[in-house]
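By convention in this document, chain letters (A, B, ...) are assigned in the order of the sequence lines, proteins followed by strands, and residues within each chain are numbered from 1. For the numbers below, each heavy atom of this structure counts, side chains included, while hydrogens, waters and symmetry mates do not. Quantities reported herein were computed from a predicted structural model and do not represent experimental measurements.
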Amino acid sequence: MERLVADNQAKSRHTRKLRRKAGKRLWSTVSPPQRLVFHAGKKTRVLFERFERSVERSLAGGVGVVIDFSEISRLYPCGLLLLMGLISDWRARFPGMLRARYPKDDLAEQMLQHVRVLQDLGLAARKEITHNDVNRWYYLTGSNVDTGPFDGFMERVAELAGHEAQAGLYECISEAITNVKHHAYQNTEAEGWWAFCTVSDRKIFVAIRDRGATIPSTLMEKQTTKDRMMLRGLRGKRADPELIASAVGGRTRTSLPHRGKGLRDMYQFTKKSANSELGIYSRNGYFQYIPGRDRPESSGMIEEPVKGTLLLWLINLTGETS
Amino acid sequence: MTSCTLHIANDFSPNPAGRYDTDGPFSGQAFREQLLWPAIQKCDEVTVDLDGARGFGSSFLEEAFGGLVREHGQSLQTLKAKIRVKTAVKTYESRIWSYVSDATKQRRR
């Protein structure tokens, strides 16, 4: 048996060598998790991270990757936003080395086409977007603090949830993208934010992500923060959950007294709206506020670092536990 | 006595957002420099009408009003005597004055 495996490995190495000699690229096929979700718990994060590592390893080794969406059955905004960020990053670092296979599921294909993932990976847009589960999602992106792209979504929120909820949400969203501009892209030319939003008469959901400097890395630029973490025995990525939690409490990189209100405002708004939830993922840490649990506020570590920051809000309009 | 009214949604933007000019087109700094400070210089009383805009993030409000203290040397008393805030959302008014008050305290330090 061992000999058979060794023979196969040798054959495989030989084939790769011949293909390389012939100037042909080698391709490996990697499937994302069937349920493309990140926020649901440790298990889903591990599956997502395994997929990410597998693609990264192939690309870094000079092997092209076919992302096989054929078995994908459910897409969630957090997973989709992260996937889109990864694809954008991989395409920039490894041009021409990514391809894809269409999903078998019609709804999944419509969604991946709606957000241009399939087209970015060289596949034709062959579906008409008809499904309500796709159309109800607003996919927005921008590079500065201009809330114009949110107009349609805000009007819908005002219609379904009233002006007060809409104004509160607007404050949080404008602060979130102000934070991106001030903190995430402070020392880089790259910029941009991506958002998924939806609203019904029962809930509002908003996910925003950037791919800039993370909350922990910007906070650690300050020597006093570094010293504070050292004193508590928190070094490197082990400090990330604590740093994110402290940003929610109002600590910022700039330490200017009139700054640092963004995340705190979002958190307060979430707490004020009954049974609403907030999740913040940045580098190797996360902070969550989920009412109804023994400890509504929790923070912890994630294995594979999130590049940038991912914010997830669920505003419950019914007051019921979600 | 001269009085002016600034209706943010009509005169500036229904989508005010961001702190500095570099953030985006409708920032707190832009509102302060283009409309609010010129109106304060010109008029004895300035009514700032917030209704009709989508909302106001703290960065926008702090820079627009707190910035009057930091950048234009105004005090809480002077501004309270000059500015009238018109809004259906009462928390906006109290937040504006707390930002001005914080900026005044900070300047004294």
In terms of heavy-atom contacts, does CD of A:E164 have more than 12 from other residues, nucleotides or ligands at under 6.0 Å?
no
Which atoms of B:T22 are under 4.5 Å from chain A, going by heavy atoms: the side chain, the backbone, both sets, or neither?
backbone
Counting heavy-atom pairs under 4.5 Å with chain B, which one of A:G148, A:A158, A:A167 comes out on top?
A:A167
What are the two closest non-hydrogen atoms of B:A17 and A:T147, and how far apart are they?
CB-CG2, 3.8 Å
Grab the two heavy atoms, one from B:S59 and one from A:E175, that are nearest each other, plus how far apart they are.
OG-OE1, 2.6 Å
Any carboxylate oxygen within less than 4.0 angstrom of a Lys/Arg side-chain nitrogen, looking at A:E171 and B:R95?
yes
Atom pair CG (B:D23) and CD1 (A:I177), whose distance is rounded to the nearest 0.5 Å:
9.5 Å
Counting only heavy atoms not in B:K42, do more than 12 sit closer than 6.0 Å to its NZ atom?
no
Taking all atoms of both residues into account, what is the closest heavy-atom pair of B:R54 and A:D151, and its distance?
NE-OD1, 3.0 Å
Selection from B:P14, B:P16, B:S27, B:A88 maximising heavy-atom pairs under 4.5 Å formed with chain A
B:P16
Distance-only, no hydrogens or angles: does the A:Y170 side chain make a donor-acceptor pair with backbone N or O of B:N15 under 3.5 Å?
yes
Considering all heavy atoms of both residues, which atom of B:P25 and which atom of A:N144 are nearest to each other, and what is their separation?
CD-ND2, 4.2 Å
Heavy-atom count check: over 12 atoms from other residues, nucleotides or ligands less than 6.0 Å from B:Q77 CD?
no
